[in-house]
Trainee: 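Just dropping this structure here.
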Amino acid sequence: MRRAAALAVAVGGDPWSAGPHVYPGSRGHLVAMDALVRPVVDPGFAAAALAFLCGGVALGTASGLVPGLHANNFALLLAGVAPSISADPLLVGVAMLGAGVVHSFLDIVPALALGVPDAATAVAALPGHRLVVAGRGREAVRLSAVGSGLAVALAVPLAVPITWVMVRGYPVVRAHLPLLLGGVVAFLVLTESSKRAALGGLVAFLASAALGLATLDADPSAPLDAGGVLAPLFAGLFGAPVLVEAMRGGGVPPQADARIAMSRRGLAASAGGGSLAGAVVGYVPGVSAAIAAVAALPAVPRDESDRGFVVATSGANTANTIFALFALVALGTPRTGVTVAIDRAEVPFALPILLVAAATASACGFALVLLVGDAYLRVVGNADYTRLSVGVLALLSGISFAFAGAFGVGVFVLAGALGLVPPRVGARRVHLMGVLIGPLIVG
């Protein structure tokens, strides 16, 4: 049961063929457009929606700026307490979606500030870190904000045609899902920078797939009713290793001006490639925004690869957050932790209201990146990385216990150790998405 919920592979209906005057409604029912628009102009509902959205923005800000923490944790927590909240479930969904969107804007900031290498080893660092070492961290923050902002802007014209195509093609995708995911794995391995990295990536994929097969069906007793192993798994695989590696970081050097030095053509190509990749993978089970970012790399100009990588990655991340909502509404299957939480809380699929919430949260996320990004680089980048990392690791251990008890803490430690492997062999950590892809291939 838990693996089915985590992997979200059920096939939904085709509400997009119902005509221009209806939208997908709660649990697959269709509702008239005016029934969804009417609450928006209701002052009481609008005020409540704004309050819940502000709460979601606050949660997304916290998760985005705390390394290793994710909006999924807060969203699943909200799903667990939703039955006890005396409010329209749609409002809870607005808060969840707002948290996810804002997180997708802000999570670049701690990624840039932590684990910055010494200048001598910058050549082996991630593109964002190379920009920080070169004194262009403030520019990287703005490149990320532009990439995420353009992803939201592109989502409006792309949403309906991409959803229309994906809904009609999904039965074929579902029927050949193991073959498709096998192709994704092969693509990730074959695009590594060396044979050693490719072999290491394949080993990391197989190990994470085994970890997923062993843990996703577990039903451990935990303090939170919204418990599950997804939180400790992802905190361990993708959060803890960054914190451990940050202890060896060299700190953030002085940063130059915030002027974006990337050409408009390169910026548009990188943002467009990332957004399109993030939109498409939003409908494919087990394929994450990180994989979408890798798929978007051919669109990045070679002479602006570091800057283009930041833009494409941010665009893919935010586009995936937006289009996962369309996948949930159109197919009835959640693709991200936030949409899993929305589904668990039985939030009505009032798409116009949810899209307004997502757009508003996007504007907040864009502004927050610009407001706090520079200060975060200055303050956190010059902090004691060891104390900071140990403190956040303790927080993630507590979250793992809250969601999955002592079993979750063990999973967190094991996943954290596995997450340290790919960079040691020069491979991308995205191979660890085998934790979901592997069980999907096996079925």
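Positions are given from 1, in the same order as the sequence printed here.
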Trainee: Going by the salt bridge (Lys or Arg N to Asp or Glu O under 4.0 Å) test, which pairs reach into residues 408-424, not counting sequence neighbours?
Mentor: E245-R424
Trainee: Please examine the side chains of F326 and L351, heavy atoms only from C-beta on, and report whether any two atoms are closer than 4.5 Å.
Mentor: yes
Trainee: How many angstroms lie between CG in L158 and CZ in F323, if you round to the nearest 0.5 Å?
Mentor: 5.0 Å
Trainee: So, do P241 and R429 sit near enough that their side-chain heavy atoms are less than 4.5 Å apart?
Mentor: yes
Trainee: Between H103 (side chain) and A99 (backbone), is there a donor-acceptor pair under 3.5 Å?
Mentor: no
Trainee: Does L331 offer a backbone N or O that forms a donor-acceptor pair with the side chain of Y170 under 3.5 Å?
Mentor: no
Trainee: Nearest 0.5 angstrom please: L230 CG to L436 CG, how far?
Mentor: 6.5 Å
Trainee: Nearest 0.5 Å please: distance from the CG atom of L388 over to the CG atom of L243.
Mentor: 7.5 Å
Trainee: Minimum heavy-atom separation for S397 to F412, with atom names?
Mentor: OG-CE2, 3.3 Å
Trainee: Test of understanding: with side chain to side chain contact (heavy atoms under 4.5 Å, CB included), list the residues that count as partners of P89, not counting sequence neighbours.
Mentor: P348
Trainee: Could you give the distance from CD1 (I322) to CG (L354), rounded to the nearest 0.5 Å?
Mentor: 10.5 Å
Trainee: List the steps and the verdict of side chain to side chain donor-acceptor pair (under 3.5 Å) for Y283 and T333.
Mentor: CA-CA 9 Å; Y283 299 86; T333 57; over 6 Å; no
Trainee: Might you point out which heavy atoms bring P439 and G212 nearest each other, and give the distance in Å?
Mentor: CG-C, 3.9 Å
Trainee: Is the shortest heavy-atom distance from the side chain of R142 to the side chain of D374 under 4.5 Å?
Mentor: yes
Trainee: With no hydrogens and no angle check, is any side-chain donor or acceptor of T360 less than 3.5 Å from a backbone partner on V356?
Mentor: yes
Trainee: What I'd like to find out is whether the side chain of L211 reaches to under 4.5 Å of the side chain of L216, using heavy atoms alone.
Mentor: no
Trainee: What's the verdict on side chain to side chain contact (heavy atoms under 4.5 Å, CB included) for F205 and L188, showing C-alpha distance, side-chain angles and the deciding distance?
Mentor: CA-CA 10 Å; F205 168 80; L188 293 176; over 6 Å; no
Trainee: Where the side chain of T318 meets the backbone of G315, is there a donor-acceptor pair that is under 3.5 Å apart?
Mentor: no
Trainee: Do you know the tightest heavy-atom contact between A151 and A319?
Mentor: CB-N, 4.0 Å
Trainee: Are any side-chain N or O atoms of S314 and backbone N or O atoms of V311, one a donor and one an acceptor, separated by less than 3.5 Å?
Mentor: no
Trainee: Going by atom types alone, do R428 and T191 pair a side-chain donor with an acceptor below 3.5 Å?
Mentor: yes
Trainee: Less than 4.5 Å apart, side chain to side chain, heavy atoms only: is that true for V101 and V338?
Mentor: no
Trainee: Might you point out which heavy atoms bring G426 and A197 nearest each other, and give the distance in Å?
Mentor: O-CB, 3.5 Å
Trainee: Below 4.5 Å, heavy atoms only, C-beta onward: do I291 and F187 meet side chain to side chain?
Mentor: no
Trainee: Identify the two heavy atoms, one from A361 and one from L53, that lie closest to each other, and give their separation to 0.1 Å.
Mentor: CB-CD1, 4.2 Å
Trainee: Using modelled atom types only, decide if a donor and an acceptor are shared between the side chain of T313 and the backbone of V310 within a distance under 3.5 Å.
Mentor: no
Trainee: When you compare the side chain of I108 with that of V141, does any pair of heavy atoms fall below 4.5 Å?
Mentor: no
Trainee: I need the F238 CZ to L432 CG distance, nearest 0.5 Å.
Mentor: 5.0 Å
Trainee: Let me see the working for M247 and L393 under side chain to side chain contact (heavy atoms under 4.5 Å, CB included), right down to the final yes or no.
Mentor: CA-CA 12 Å; M247 297 180 187; L393 285 169; 4.0 Å; yes
Trainee: Taking side chain to side chain contact (heavy atoms under 4.5 Å, CB included) as the definition, give me every residue that meets it alongside L368, ordered by chain and number, with sequence neighbours left out.
Mentor: V57, T61, V102, L106
Trainee: Please test L325 against F349 for side chain to side chain contact (heavy atoms under 4.5 Å, CB included), starting from the C-alpha separation and ending with a verdict.
Mentor: CA-CA 9 Å; L325 174 64; F349 294 160; over 6 Å; no
Trainee: Return the minimal non-hydrogen interatomic distance between T321 and S104, and the atom names on each side.
Mentor: OG1-CB, 3.8 Å
Trainee: Could you check if a side-chain atom of L97 sits within less than 4.5 angstrom of a side-chain atom of T339, using non-hydrogen atoms only?
Mentor: no
Trainee: Between atom CZ of F309 and atom OG of S270, what is the distance when rounded to the nearest 0.5 Å?
Mentor: 11.0 Å
Trainee: Evaluate I353 against F45 for side chain to side chain contact (heavy atoms under 4.5 Å, CB included), listing each step before the verdict.
Mentor: CA-CA 11 Å; I353 296 174; F45 180 88; 4.1 Å; yes
